[in-house]
Amino acid sequence: MGDFSTSFDEISELLQKGKAKEIVGAVEKALGEGAAAADILDKGLLTGMNIIGGKFKRGEVFVPEVLVAARAMNRASAALKPALTEAGVQSAGKAIICTVKGDLHDIGKNLVRMMIEGKGIEVLDLGVDCANEKIVETVQNSDAKVLCLSALLTTTMYMQKEAIDALKAAGLRDKVKIMVGGAPVTQSFADEIGADAYTADAATAAEVCRAFYN
Ligand code: B1M
C-alpha cells in the first residue's frame with residue numbers, strides 16, 4: 001500500500017471548499033489507487049467536515065459555506081457507497097431511519113443508513129425533520145424491526161424521547177428495537193429515554209443494528 005496522505009488532504013480541502021463535482025473525482029481517484037474506503041471517509045471527508053465545524057463554531061464561516069460543504073459530503077459519501085458495502089450480502093430485513101423533528105442535519109443519518117444497507121438491511125429513510133406521527137405510522141405499517149433516530153442539536157435530542165413516548169402511546173414500543181445517536185447523544189441519555197441501543201459512530205451503529213436480526 002502506498003502513502004495516500006496527499007489524496008486525503010486534497011479530499012479534506014475539496015470538502016471544506018464545497019467542491020461537489022471535484023470531490024467525487026478525487027474520491028474515485030483515491031479508490032482507484034487502492035486507498036481504503038474507511039480511510040477516505042475518516043481521514044478525508046470527516047476530517048474536512050470537522051475543520052468546517054470548528055470554523056462554524058468560531059464564526060469564521062457561516063451557514064452557506066457549511067451547506068455547500070454538506071452537499072459535497074453527501075455526494076462524496078454516495079461515491080464511496082459501493083466500496084463501503086459488503087458485496088453479496090443476503091437481505092436480513094428492514095429498518096427505519098430519520099433525523100428527528102426540528103433537526104435538518106442529515107450527513108450522519110445518511111452515513112448510518114449507508115453502513116446499515118451495507119449489512120444487507122433495507123432502509124426506509126424518512127428524511128430530516130421527521131414528525132413523530134410519521135414515525136408511528138411507518139412503524140405500524142411496515143415490518144421494520146429496528147428504528148434509528150438521529151439528532152444533532154442539544155435542542156432536538158429530546159425529540160428522540162418524544163418519538164419513543166409517541167410509540168408507547170400508540171402501543172407500538174415493543175414492535176421495534178430503537179437505536180439513537182448523533183453528536184450530543186450519550187449512553188446515559190439513551191438509557192434515560194428508554195432506547196435499546198446507543199452508538200457513537202455509523203460503523204458501530206451498523207454492527208449493532210445487524211445484531212438485532214440474528
Ligand atoms: Co449545524 N450545528 N446547525 N448545520 N452543524 C452543529 C451540529 C453544531 C455543533 C455547530 C457548532 O456550533 N459547533 C451546532 C449545534 C450546537 C448544539 O446543539 N449545542 C449547530 C447549529 C447551532 C446549527 C444551527 C442552529 C445554526 C443556525 O442556523 N444558527 C442550524 C440548525 C438547523 C436545524 O437543524 N434546525 C444548523 C444548520 C446546519 C446546516 C444546515 C448549515 C448544516 C447541515 C447540512 C446537512 O446536514 N445537510 C450544518 C452542519 C453541517 C453542521 C456541522 C458543521 C457538521 C455536522 C455533520 O454533518 N458532521 C456541525 C458541527 C460539527 O459536528 N462539528 C453542526 C459530520 C457527521 C458525519 O457527523 O452527524 O455527528 P454526525 O454523525 C456521526 C455520529 O454523530 C453518528 O455517526 C456519524 C459518523 O459516524 N451518528 C449516529 C449520527 N446519527 C446517528 C444515529 C445512530 C448512531 C450514530 O443511531 C441511530
Side-chain angles (χ1 to χ4, degrees), residues 11-12 15-16 18 20 37-78 80-81 84 95-119 121 123-131 135 144-161 163-164 176-187 189-190 193 195-212:
I11 288 168
S12 165
L15 183 104
Q16 292 170 56
D39 283 344
I40 298 175
L41 182 62
D42 288 342
K43 298 180 187 168
L45 301 175
L46 291 178
T47 299
M49 204 70 226
N50 279 336
I51 295 172
I52 269 283
K55 288 185 176 169
F56 186 41
K57 193 174 179 179
R58 296 190 296 275
E60 293 163 19
V61 297
F62 300 96
V63 168
E65 288 97 323
V66 181
L67 266 179
V68 288
R71 190 185 53 186
M73 175 79 192
N74 278 332
R75 295 259 183 95
S77 343
L80 264 187
K81 187 177 176 187
L84 286 171
I96 302 164
I97 196 165
C98 66
T99 305
V100 295
K101 186 74 191 153
D103 198 320
L104 301 174
H105 296 84
D106 71 353
I107 297 172
K109 167 189 73 68
N110 292 345
L111 282 177
V112 173
R113 186 191 74 202
M114 205 182 283
M115 299 284 190
I116 290 178
E117 286 174 342
K119 297 277 179 195
I121 294 159
V123 181
L124 308 171
D125 188 342
L126 307 184
V128 297
D129 188 21
C130 186
I135 294 172
K145 214 169 171 180
V146 177
L147 169 67
C148 300
L149 301 171
S150 180
L152 259 286
L153 299 170
T154 45
T155 48
T156 58
M157 60 196 275
Y158 296 95
M159 287 311 294
Q160 295 180 326
K161 176 181 183 325
I164 295 175
V176 280
K177 295 290 181 192
I178 301 177
M179 297 180 59
V180 293
V185 181
T186 59
Q187 181 66 57
F189 179 73
I193 66 173
D196 295 299
Y198 158 76
T199 56
D201 64 79
T204 317
E207 279 165 26
V208 170
C209 181
R210 182 66 185 79
F212 284 127

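Numbers here are sequence positions counted from 1. Remember, it's 1-based here, ligands and their atoms both numbered in the order they're listed. Computed from a prediction, not measured in an experiment: that's the story for all the values here.
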| Can you tell me which residue and heavy atom of the protein come closest to atom 27 (C) of ligand 1, and the distance to 0.1 Å? | Val63 CG2, 4.4 Å
| task | Report the distance from atom CE of Met157 to atom OG of Ser150, rounding to the nearest 0.5 Å. | result | 12.0 Å
| field | Contact check, side chains of Val100 and Cys130, non-hydrogen atoms, under 4.5 Å | value | no
| said: Just to be sure I read this right, does ligand 1 sit under 4.0 Å from the backbone of Cys148, its side chain, both, or neither, counting only heavy atoms? | reply: both
| Which residue holds the protein heavy atom closest to atom 76 (C) of ligand 1, what is that atom called, and what is the gap in Å? | Ala200 O, 3.4 Å
| query | Please state which protein non-hydrogen atom is closest to atom 47 (N) of ligand 1 and give its distance, to 0.1 Å? | reply | Asp106 OD1, 2.7 Å
| said: Among all the protein's non-hydrogen atoms, which is closest to atom 35 (N) of ligand 1, and how far away is it? | reply: Gly102 O, 3.0 Å
| query | Can you list the atoms of ligand 1 that are under 4.0 Å from a heavy atom of Val112? | reply | 82 (C), 85 (C), 86 (C), 89 (C)
| note | For atom 65 (C) of ligand 1, the closest protein heavy atom turns out to be Met49 CG, 3.7 Å
| task | Could you check if a side-chain atom of Val146 sits within less than 4.5 angstrom of a side-chain atom of Ile96, using non-hydrogen atoms only? | result | no
| What do you reckon, does Thr155 have a nitrogen or oxygen under 3.5 Å from a nitrogen or oxygen of ligand 1? | no
| field | atom 62 (O) of ligand 1 within contact range, any protein heavy atom under 4.0 Å | value | no
| query | At what distance is the nearest protein heavy atom to atom 87 (C) of ligand 1, and which residue and atom is it? | reply | Gly181 CA, 3.5 Å
| query | Between the main-chain N or O of Met159 and the side-chain N or O of Thr156, is there a donor-acceptor pair closer than 3.5 Å? | reply | no
| query | Taking the non-hydrogen atoms of Pro184, is any one of them nearer than 4.0 angstrom to ligand 1? | reply | no
Taking distance alone, no hydrogens or angles, what donor-acceptor pairs closer than 3.5 Å link side-chain atoms of residues 38-52 to residues at least two apart or in another chain?
| unit_1 | atom_1 | unit_2 | atom_2 | d |
| --- | --- | --- | --- | --- |
| Thr47 | OG1 | Asp42 | O | 2.8 |
| Thr47 | OG1 | Lys43 | O | 3.1 |
| Asn50 | ND2 | Leu46 | O | 3.4 |

| Arg71 side chain near Arg75 side chain, heavy-atom distance below 4.5 Å | yes
Please report, to 0.1 Å, the donor-acceptor pairs under 3.5 Å made by any side chain of residues 177-184, with sequence neighbours excluded.
none

| Looking at atom 78 (C) of ligand 1, what's its closest protein heavy atom, distance included? | Gly108 CA, 4.0 Å
| Just heavy atoms, cut-off under 4.0 Å: does Thr204 contact ligand 1 by side chain, backbone, both, or neither? | neither
| Close-contact set for ligand 1 against Asp103 heavy atoms, below 4.0 Å | 34 (O)
| Nearest to atom 88 (C) of ligand 1, what protein heavy atom do you find, and at what distance? | Thr199 OG1, 3.3 Å
| note | Near atom 1 (Co) of ligand 1, meaning under 2.8 Å, the protein N/O/S atoms are His105 NE2
| said: Counting C-beta onward and ignoring hydrogens, is there a side-chain heavy-atom pair between Val128 and Cys98 closer than 4.5 Å? | reply: no
| Just distances here: any N/O of Lys57 and N/O of ligand 1 closer than 3.5 Å? | no
| query | So which pairs with a foot in residues 96-109 pass salt bridge (charged side-chain N to carboxylate O under 4.0 Å, His left out), sequence neighbours left out? | reply | Lys101-Asp129, Lys109-Asp125
| query | Under 4.0 Å from ligand 1, counting heavy atoms only, is it the side chain of Leu46, its backbone, both or neither? | reply | side chain
| With a cut-off of 4.0 Å, which atoms of ligand 1 are near a heavy atom of Ala70? | 44 (C), 45 (C), 47 (N)
| Is atom OH of Tyr158 surrounded by more than 12 heavy atoms (other residues, nucleotides or ligands) closer than 6.0 Å? | no
| said: At less than 4.0 angstrom from any non-hydrogen atom of Ala202, what atoms of ligand 1 do you find? | reply: 77 (O), 79 (C), 80 (O)
| request: Examine Ser150 against ligand 1 and note whether any of their N/O atoms are separated by less than 3.5 Å. | output: yes
| task | May I ask you to say whether Lys55 pairs ionically with Glu65, meaning some side-chain N is under 4.0 Å from a carboxylate O? | result | no
| Would a 4.5 Å heavy-atom cut-off, applied to side chains only, mark Asn110 and Ser77 as touching? | no
| field | Any N or O of Ala183 closer than 3.5 Å to N or O of ligand 1 | value | yes
| request: Using a strict 4.0 Å cut-off to heavy atoms of Met179, name the atoms of ligand 1 that fall inside it. | output: 91 (C)
| task | Report yes or no: does Ala203 have a heavy atom closer than 4.0 Å to ligand 1? | result | no
| message | Within the 4.0 Å heavy-atom shell around Leu111, which atoms of ligand 1 are there? | response | 67 (C)
